[in-house]
2 protein chains.
Amino acid sequence: MLSILPPQNTSPERAKSLNRRLVLGRVHATGEMGRAELSRACGLTIQAVSNIIAELVEEGLIRETGRRSTGRGLPATLYAINPKGAYALGVEVRPNALLAAVLDLTGRPVLTTRHALTDARPEAVSRELQALRLEMEQAQPEAVSRLLGAGVVMPGPFGTTGLSGTAADLPGWHELDARALFAEALGMPIDLDNDANAAAMAERVKGAAQGLDDYAYLYFGTGIGLGLVSQGRRVAGAFGNAGEIGHLRMQTKDGTAALEDVASRLSLQRRLAAHGRDAPDFDTLAALNAQDDAVLDEWISIAAPALAQAVHMIENLFDPETVILGGALPEGIVDRLIARMALPENSVSNRPGRAHPRLTRGECGRLTATLGAAALILNRAFSPQFAALD
Amino acid sequence: MLSILPPQNTSPERAKSLNRRLVLGRVHATGEMGRAELSRACGLTIQAVSNIIAELVEEGLIRETGRRSTGRGLPATLYAINPKGAYALGVEVRPNALLAAVLDLTGRPVLTTRHALTDARPEAVSRELQALRLEMEQAQPEAVSRLLGAGVVMPGPFGTTGLSGTAADLPGWHELDARALFAEALGMPIDLDNDANAAAMAERVKGAAQGLDDYAYLYFGTGIGLGLVSQGRRVAGAFGNAGEIGHLRMQTKDGTAALEDVASRLSLQRRLAAHGRDAPDFDTLAALNAQDDAVLDEWISIAAPALAQAVHMIENLFDPETVILGGALPEGIVDRLIARMALPENSVSNRPGRAHPRLTRGECGRLTATLGAAALILNRAFSPQFAALD
DNA sequence: GTTATAAGTCAATTCACTTGAGTAATCAAC
DNA sequence: GTTGATTACTCAAGTGAATTGACTTATAAC
């Protein structure tokens, strides 16, 4: 198992692990940087940065990309993330399928795959993971040999809560079991989270949230979830179940309704079914949108105001740089939702001279959660706060 | 966006600063600890802990408090926070008064004072701060000589937002100016925050949130605010204005209303005024409560359901260990509000075997925000993440 | 009394960062 | 075209804080 840095106990070595992630994270966030620039950005001496860079180049995590002359003085040697330096595996468990993706260090997928599940109980998933492993080793032996770890996305909430027993729950799963099961089946470090938090990380590693440290992600899965990032850290809550926005009640024309009953893919599906239409897949939805389908339009006219209320809530409670919308809905539909959301003016986010719009469409598409699972691992490599953990 | 990121790097001295805070924080959270126990808790060797303890004793921040024998083996020498080792100043600026408190290192107030303000503009406040400084030096020379810094609480939101122009705003203040003004007037490091966040810190340093890392504080000031703490850090948002819950609309018997219009001290005041009663001070409110006043009771019957909705929101979005209620309302009223709040069952916080109740009354009383201002400073001393900052 | 266990000290070593002196490459001014 | 200012970077020595390993002390159990 490749590791960004072998775990060490000595304190200077912990410091080094932290500083390595700091340097790697700055290079990732900025794209290309020279030693002196990094030195200023990280608050380290050029010498320290030089030593770290030499190591990172040696290990293949970054590579020289040229020189830059910015006026007088010696032009800086530039370094950037080496995509082939390391990889991360993302696994998304859904009731009927196991989705997987392998991302390179820049967040680009080098392999994506889907295994149908007739049985979502732990033993069956474990068997399917073996098949997945073999398939990956066949298709991308180089990437598999340089995997940093695996992120796993499962529908929350974890543990017993007042929200348990909903449709999205998987049978026979518990959080601790899940972590151990994946660690054993895949033989690498595991990061477990829900779809919305993973989606938020996907956009941060490569997408709409690159460079952002405070933002929220409204994720359309089967239901709807909220991923929160504050100061570059995900806000997980005391028991890992933060972001359960789907059960909160919003106002509608005729009373109130839970957000996920009016603004989720499942709610759209039900509305279509009420008009005698089949459950649509992703492409069918995109087609419906292209055709200006009347039922879809009606759904949007109901969903958008409810979502606007949710965003108002998120803005006033979190004061994020932006709220990203995305997930298992075609881009066109998300765009139309955003266009139809009339955001209230009495919000802390309604400020002049904003650098980012209040609403942004996610850029990771239908595989957002799967990519996000892998992004959980990549994010660790770029974030100093994880230095002591692995 | 301009962001002043804390340098998160580590060199030997910074590592030491971090480890000192780690040790001090553990001693504070646990009460009394021996070297070996600390060594295990902090992940350092006994030797490293020994050196740090020697320094902290030398500086007077901790003191030996006895020995403890837990079975076989040499009994551990125990250490605890030395109250007189250091102090923190808290200042709360209200439109009509300047409140101040000096806390010892354990969070106990050694001085509290109130200066009436006829003018809340910066120059007037600055003049009053000089008087405050003199008064403190007279009354508590020892504490003033050992001040770590000053926390300042002012009504938010800071900067221009869609919520600006509300009654609680102070005339002529801007965030950066404020920081500089207080730093100059008091001649010490300044920590600036809003009342709800400060209140949350007050309860963490000494009160209902001791030992908690994930919780929320619903603060009754003039309006109502929300302080959020996640993994021991306050959630401030991208522009420092997180927690503006007062403008969110809740459902009432007859439609919807902003939370602060039905569940704030101002709303209670208005209801009393509508019945021809004068604006009550804190003690009057306590008396009304003791008399089972009918208007107060009516207000509670309206405020409680709105607050319950707010708590439902907070629980599902944050998954906190508990939600604390407190601030400028007498304990008895807070207790009655809590008793009358019917919390919904479909919440992630509705889990079996909770270690803390879903709702908790704050323990810091009417001075919560002022004490919290000082707690902002104490919290820095106990939190490793601030090692790089000062 | 002997032994196991736990807390704690002392001295030597290690690790990564900093400091300070020096080199190299570019631009700008005369 | 030479000189000097500016910026990027290297090399070697020094420093600070933590770790390691051997040893001491105090208590409980047998």
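Just so it is clear: chains get the letters A, B, ... in the order the sequence lines come, proteins before strands, and each one is counted from 1.
- Regarding contacts with the backbone of C/dC17, every side-chain N or O of A/Thr45 stays at 4.0 angstrom or more from both OP1 and OP2.
- Residue contacts for A/Arg40: at a heavy-atom cut-off of 4.0 Å it reaches the sugar-phosphate backbone alone, with no base atom in range.
- Under the side-chain contact (heavy atoms from CB on, under 4.5 Å) criterion, B/Asp319 pairs with A/Phe239, A/Asn241, A/Ala242, B/Val348, B/Ser349, B/Arg351, not counting sequence neighbours.
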Dump every N/O contact between nucleotides 26-30 of chain C and the protein below 3.5 Å, one line per pair.
unit_1: C/dT26; atom_1: O2; unit_2: A/Gly73; atom_2: N; d: 3.1

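- For A/Phe182, the ring-ring contact (aromatic ring centres under 6.0 Å, His included) test picks out A/Trp173, with sequence neighbours left out.
- Take A/Thr322 and apply the side chain to side chain donor-acceptor pair (under 3.5 Å) test, not counting sequence neighbours, and it matches A/Thr360.
- Between A/Lys84 and A/Glu142, none of the side-chain N atoms (NZ, or NE/NH1/NH2) sits under 4.0 Å from a carboxylate O, so this pair counts as no salt bridge.
- Rounded to an integer number of Å, the gap from CD of A/Glu13 to C1' of D/dA17 is 13 Å.
- As rounded to whole Å, 12 Å separates atom P of D/dT19 from atom NZ of B/Lys16.
- Spacing between atom CD of A/Glu37 and atom P of D/dC9 amounts to 9 Å, rounded to whole angstrom units.
- Closest to the side chain of A/Ala76, out of D/dA8, C/dG8, D/dA17, is D/dA8.
- Pairs engaging residues 17-75 of chain A under the ring pair (Phe, Tyr, Trp, His ring centres under 6.0 Å) rule: A/His28-A/Phe382 [sequence neighbours left out].
- In this structure, A/Glu55 places its CD atom 12 Å from C1' of C/dC15, rounding to the nearest Å.
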Sort me out a list of protein N/O and nucleotides 9-12 of chain C N/O pairs below 3.5 Å, or just none if empty.
unit_1: C/dT9; atom_1: OP1; unit_2: B/Arg35; atom_2: NH2; d: 3.4
unit_1: C/dT9; atom_1: OP2; unit_2: B/Arg35; atom_2: NE; d: 3.4
unit_1: C/dT9; atom_1: OP2; unit_2: B/Ser50; atom_2: OG; d: 2.5
unit_1: C/dC10; atom_1: N4; unit_2: B/Gln47; atom_2: NE2; d: 2.7

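- With rounding to whole Å, B/Ile52 atom CD1 is found 16 Å from D/dG16 atom P.
- Between A/Met201 and A/Val229 the shortest side-chain heavy-atom distance falls below 4.5 Å.
- Of the side-chain N and O atoms in B/Asn19, one or more sit less than 4.0 angstrom from OP1 or OP2 of D/dA18.
- Pairs of residues two or more places apart, or lying in two chains, never qualify as ring pair (Phe, Tyr, Trp, His ring centres under 6.0 Å) while including a residue from residues 38-74 of chain B.
- A/Ile53 has its CD1 atom 13 Å from the P atom of D/dA8, to the nearest Å.
- Contact check, A/Thr77 against D/dA8: no side-chain N or O comes under 4.0 Å of OP1 or OP2.
- For residues 67-83 of chain B, every residue pair satisfying the salt bridge (charged side-chain N to carboxylate O under 4.0 Å, His left out) rule, not counting sequence neighbours, is listed here: B/Glu37-B/Arg68.
- Between the P atom of C/dT19 and the CG atom of A/Leu44 lies a distance of 12 Å, rounded to the nearest Å.
- Annotation: side chain to side chain donor-acceptor pair (under 3.5 Å) contacts of B/Asn379 (sequence neighbours excluded): B/Arg204, B/Ser383.
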